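Nothing here was measured: the structure is a model prediction, and the numbers come from that model.
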Amino acid sequence: MGTSAIALFFGTLFVTLLGLMTLFVTWSYCRGLGEVSAAHHLGSAFRQAFLLTLFLVGNATLQYFQVLTWWGSLFLLVFVLLVELSLRRPVQSEV
């Protein structure tokens, strides 16, 4: 396959999975927090869906190039978790 075909495949895979993961994470928030509270967390739901999609497509890309190992996937997971934890805002307590 050509390079442009591979790039288009992984690009459309990323967009498709991003949409599906956004729906799944938003649905999970609705089930856990309720409709009104889930509406307030749409930004974080999209961020978490983006990072989850980045992890999945990253693993698929590594597998395509036949360099996926368990520790490579673990490093990718640690990277995604570090990005998620660095993007969280600390909760300010009211004193």
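Residue pairs meeting the salt bridge (charged side-chain N to carboxylate O under 4.0 Å, His left out) criterion with at least one partner in residues 11-20, sequence neighbours excluded, are absent. The list of salt bridge (charged side-chain N to carboxylate O under 4.0 Å, His left out) pairs with a residue in residues 51-77, not counting sequence neighbours, is empty. Residue pairs meeting the salt bridge (charged side-chain N to carboxylate O under 4.0 Å, His left out) criterion with at least one member in residues 60-75: none, sequence neighbours excluded. Listed by first and then second residue, the salt bridge (charged side-chain N to carboxylate O under 4.0 Å, His left out) pairs that reach into residues 62-72 come to none, sequence neighbours excluded.
The side-chain hydrogen bond (donor to acceptor under 3.5 Å, both in side chains) check on Thr16 picks up nothing, with sequence neighbours excluded. The side-chain contact (heavy atoms from CB on, under 4.5 Å) check on Phe24 picks up Trp27, Ser28, with sequence neighbours excluded. Arg31 pairs by the side-chain hydrogen bond (donor to acceptor under 3.5 Å, both in side chains) definition with nothing, not counting sequence neighbours. Remark: Val80 pairs with Leu51, Phe55 by the side-chain contact (heavy atoms from CB on, under 4.5 Å) rule, at least two apart or across chains. Applying the side-chain hydrogen bond (donor to acceptor under 3.5 Å, both in side chains) criterion to Glu84, with sequence neighbours excluded, gives Arg47, Arg88. Tyr64 is linked by a side-chain contact (heavy atoms from CB on, under 4.5 Å) to Ile6, Phe10, counting only residues two or more places apart in sequence or in another chain. Under the side-chain contact (heavy atoms from CB on, under 4.5 Å) criterion, Phe46 pairs with Leu18, Thr22, sequence neighbours left out.
Leu20 and Val25 fall into different hydrophobic clusters, where Ile, Leu, Val, Met, Phe, Trp and Tyr side chains are chained together by heavy-atom contacts under 4.5 Å. Follow the hydrophobic side-chain contacts under 4.5 Å out from Leu82 and you never reach Leu52; the two are in separate clusters. Residues Leu42 and Leu87 do not share a hydrophobic cluster, defined by chaining ILVMFWY side chains whose heavy atoms lie under 4.5 Å apart. Transitive grouping of hydrophobic side chains (ILVMFWY, heavy atoms separated by less than 4.5 Å) keeps Val78 and Leu56 in distinct clusters. Hydrophobic cluster membership differs between Val57 and Val15, with clusters built from Ile, Leu, Val, Met, Phe, Trp and Tyr side chains linked at under 4.5 angstrom.
Using modelled atom types, no side-chain atom of Thr26 and backbone atom of Leu23 make a donor-acceptor pair closer than 3.5 Å. Judged by distance alone, with hydrogens and angles left aside, the side-chain atoms of Thr12 form a donor-acceptor pair with the main-chain N or O of Phe9 at under 3.5 Å.
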**OP:** Quick one: do Ser73 and Leu62 satisfy side chain to side chain contact (heavy atoms under 4.5 Å, CB included)? Show the steps, please.
**Re:** CA-CA 9 Å; Ser73 182; Leu62 290 174; over 6 Å; no
**OP:** Show your working on side chain to side chain contact (heavy atoms under 4.5 Å, CB included) between Tyr29 and Ser44 and close with a plain yes or no.
**Re:** CA-CA 10 Å; Tyr29 277 170; Ser44 61; 3.8 Å; yes
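Minimum heavy-atom separation, Ser86 to Val83: OG-O, 2.9 Å.
With rounding to the nearest 0.5 angstrom, the CG atom of Leu54 is 11.0 Å from the CG atom of Leu17.
Taking Ile, Leu, Val, Met, Phe, Trp and Tyr as members and joining any whose side-chain heavy atoms lie under 4.5 Å apart, directly or through other members, the hydrophobic cluster of Phe75 also contains Trp70, Trp71, Leu74.
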